[in-house]
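In what follows, a single structure is set out as structure tokens and then discussed.
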Number of protein chains: 2
Amino acid sequence: MTVKEDIKSISRVLTFWDKLTDAQQNLILDRIVTEKYQKGSTIHSGDMDCIGVLLIKKGEVRIYILSDEGKEITLYRLGEGEVCILSASCILDNITFDVHIDAETDSEVLVIDSNVYKQICRQNIYAESFTDKLVIDRFSDVMWAMEQILFMSFDKRLAIFLFDEITRNQTDMIDLTHEQIAKYVGSAREVVSRMLKYFANEGIVELSRGGVKVINKKKLKSLTL
Amino acid sequence: MTVKEDIKSISRVLTFWDKLTDAQQNLILDRIVTEKYQKGSTIHSGDMDCIGVLLIKKGEVRIYILSDEGKEITLYRLGEGEVCILSASCILDNITFDVHIDAETDSEVLVIDSNVYKQICRQNIYAESFTDKLVIDRFSDVMWAMEQILFMSFDKRLAIFLFDEITRNQTDMIDLTHEQIAKYVGSAREVVSRMLKYFANEGIVELSRGGVKVINKKKLKSLTL
């Protein structure tokens, strides 16, 4: 199943690769599978599954928490070449919470089976240490998100989101509904719509059906500072 | 400086103790100091210091984040026999955020100097792994707090706080101002006062200067479910 190119990227991303025995390397390579996810589809949902460790080949995934009432809070996103570890939270002893993971764009990921990964971590201290440090990186991401959500004024938060979007996609057009933007910034649709209308009145954006166009990047930027 | 009793508790709490060389153990014992903190005093404030790893002998400490505007969000608390690692965040490579730590009650802690601790972690993989797992435990605590704050209705959140307080202190009286309660539950004083007034009208609590008395524990409990 695994092509040469995949093996190369696996060994580059999993920094403990060279510390594994041949048998351990082969175990991973035998059990790794490539999965494709369409934009918007669910990759992992809370404690419903424990899909495994994801190596993102193409695309972007969003990791978020979901309340009983359906409210979403985005924790962080991961892109090409990054490893998603919380999709295997069931094998992480000290992780007692669950997250949801969606494909943000059409994505292709290599999936290492949870049980195989757990076995490797038990056998190899470098794999275990790599995993722990990956989780701790995500802890820092979550703290950042938490500070944004709890401390930052909403105009600044929304401005940062819009500015990041146009920078990342290299276009002034943001093809997202107010509902979708609300999910990303962890707010309600009404709150987003109100603030976007304010931004439009200020000449920062132009609103259209299903999209937002940034028309004054400089002014938007100044709101993010 | 270190008495026999302290060495016992150090070796019990730091589960990697037996894996250290005599020289490493002595390095820690030589450099460990006992500090006493009065109720309400600051132990660690953001990136202003990097006091070291704390072993709590007596009392309770509160770990929180603080906005530029002075808003506090409590992340978790640690008590007797627990280890506080984020007070040494400067030595943790993958931690990019800062927290504040206060003594909740009169407290006595053993402090292991940051540099000594870092040196031990570099030399000993068990110490490093212990540290990583401790941080990951706190990640789970923070996610719990985040879900409480972001998802839970405020009446439930406040009821849980009050119920935990009277259970923990084994008294129906909560000697905290609305301002203090607001800090603990990550809200504003006005919001707390309004909800406490509602609870009082419902016959759940009685309000007095600088305190809240729970008069209907059963009703309070039902709000927490």
Side-chain angles (χ1 to χ4, degrees), chain A residues 16 19 46 63-76 85-86 89 91-100 121-122 124-153 156-157 183 185-188 225, chain B residues 16 19 46 63-76 85-86 89 91-100 121-122 124-153 156-157 183 185-188 225:
Chain A
F16 57 86
K19 309 273 190 181
I63 290 81
Y64 60 99
I65 50 173
L66 186 65
S67 76
D68 293 340
E69 290 86 33
K71 189 178 170 189
E72 293 181 6
I73 305 282
T74 300
L75 301 176
Y76 53 88
I85 191 74
L86 290 188
S89 59
I91 59 162
L92 303 170
D93 289 335
N94 305 48
I95 294 293
T96 57
F97 58 90
D98 284 305
V99 297
H100 293 252
C121 284
R122 284 219 174 133
N124 189 294
I125 186 91
Y126 298 98
E128 189 187 342
S129 176
F130 170 85
T131 307
D132 287 346
K133 290 192 191 328
L134 207 57
V135 173
I136 295 172
D137 278 342
R138 297 298 84 80
F139 185 9
S140 289
D141 289 342
V142 164
M143 289 300 295
W144 188 87
M146 193 165 169
E147 293 190 353
Q148 300 291 311
I149 293 167
L150 295 170
F151 290 158
M152 205 181 278
S153 60
K156 191 171 174 176
R157 192 140 55 92
K183 281 188 179 180
V185 297
S187 183
L225 302 178
Chain B
F16 57 85
K19 309 272 189 182
I63 290 82
Y64 61 99
I65 49 174
L66 187 64
S67 75
D68 292 340
E69 290 86 32
K71 188 178 170 189
E72 293 182 5
I73 306 283
T74 299
L75 300 176
Y76 54 88
I85 190 73
L86 290 187
S89 58
I91 59 161
L92 304 170
D93 290 336
N94 304 50
I95 294 292
T96 58
F97 57 90
D98 283 305
V99 297
H100 293 253
C121 284
R122 285 219 174 132
N124 189 294
I125 185 91
Y126 299 99
E128 188 187 341
S129 175
F130 170 85
T131 307
D132 287 346
K133 289 190 192 330
L134 206 57
V135 173
I136 295 172
D137 278 341
R138 298 296 85 80
F139 186 10
S140 289
D141 290 342
V142 164
M143 288 301 295
W144 188 87
M146 193 165 169
E147 293 190 353
Q148 300 290 308
I149 294 168
L150 295 171
F151 290 158
M152 205 182 276
S153 59
K156 190 170 175 177
R157 191 139 56 92
K183 281 188 179 180
V185 298
S187 184
L225 302 178

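To find a chain, count down the sequence lines: A is the first, B the second, and so on, and within it residues start at 1.
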query: For B:Asp141, what residues pass the salt bridge (charged side-chain N to carboxylate O under 4.0 Å, His left out) criterion, not counting sequence neighbours?
result: B:Arg138
message: Taking the side chain as everything from C-beta on, heavy atoms only, tell me whether A:Met146 gets closer than 4.5 Å to B:Leu150.
response: no
query: Is any side-chain heavy atom of B:Ile136 less than 4.5 Å from a side-chain heavy atom of A:Phe139?
result: no
query: Based on non-hydrogen pairs under 4.5 Å, which of B:Asp93, B:Ile95, B:Leu92, B:Ile125 is most in contact with chain A?
result: B:Ile95
query: In this structure, which one of A:Leu75, A:Asp98, A:Thr96 forms a side-chain contact (heavy atoms from CB on, under 4.5 Å) with B:Met143?
result: A:Leu75
task: Please report the shortest heavy-atom distance between A:Ser140 and B:Asn94, naming the atom on each side.
output: OG-O, 2.7 Å
- request: Could you tell me the separation between the CG atom of A:Asp132 and the OG1 atom of B:Thr131, rounded to the nearest 0.5 Å?
  value: 10.5 Å
- request: Return yes when atom CZ of B:Phe16 has more than 12 non-hydrogen atoms of other residues, nucleotides or ligands closer than 6.0 Å, and no otherwise.
  value: yes
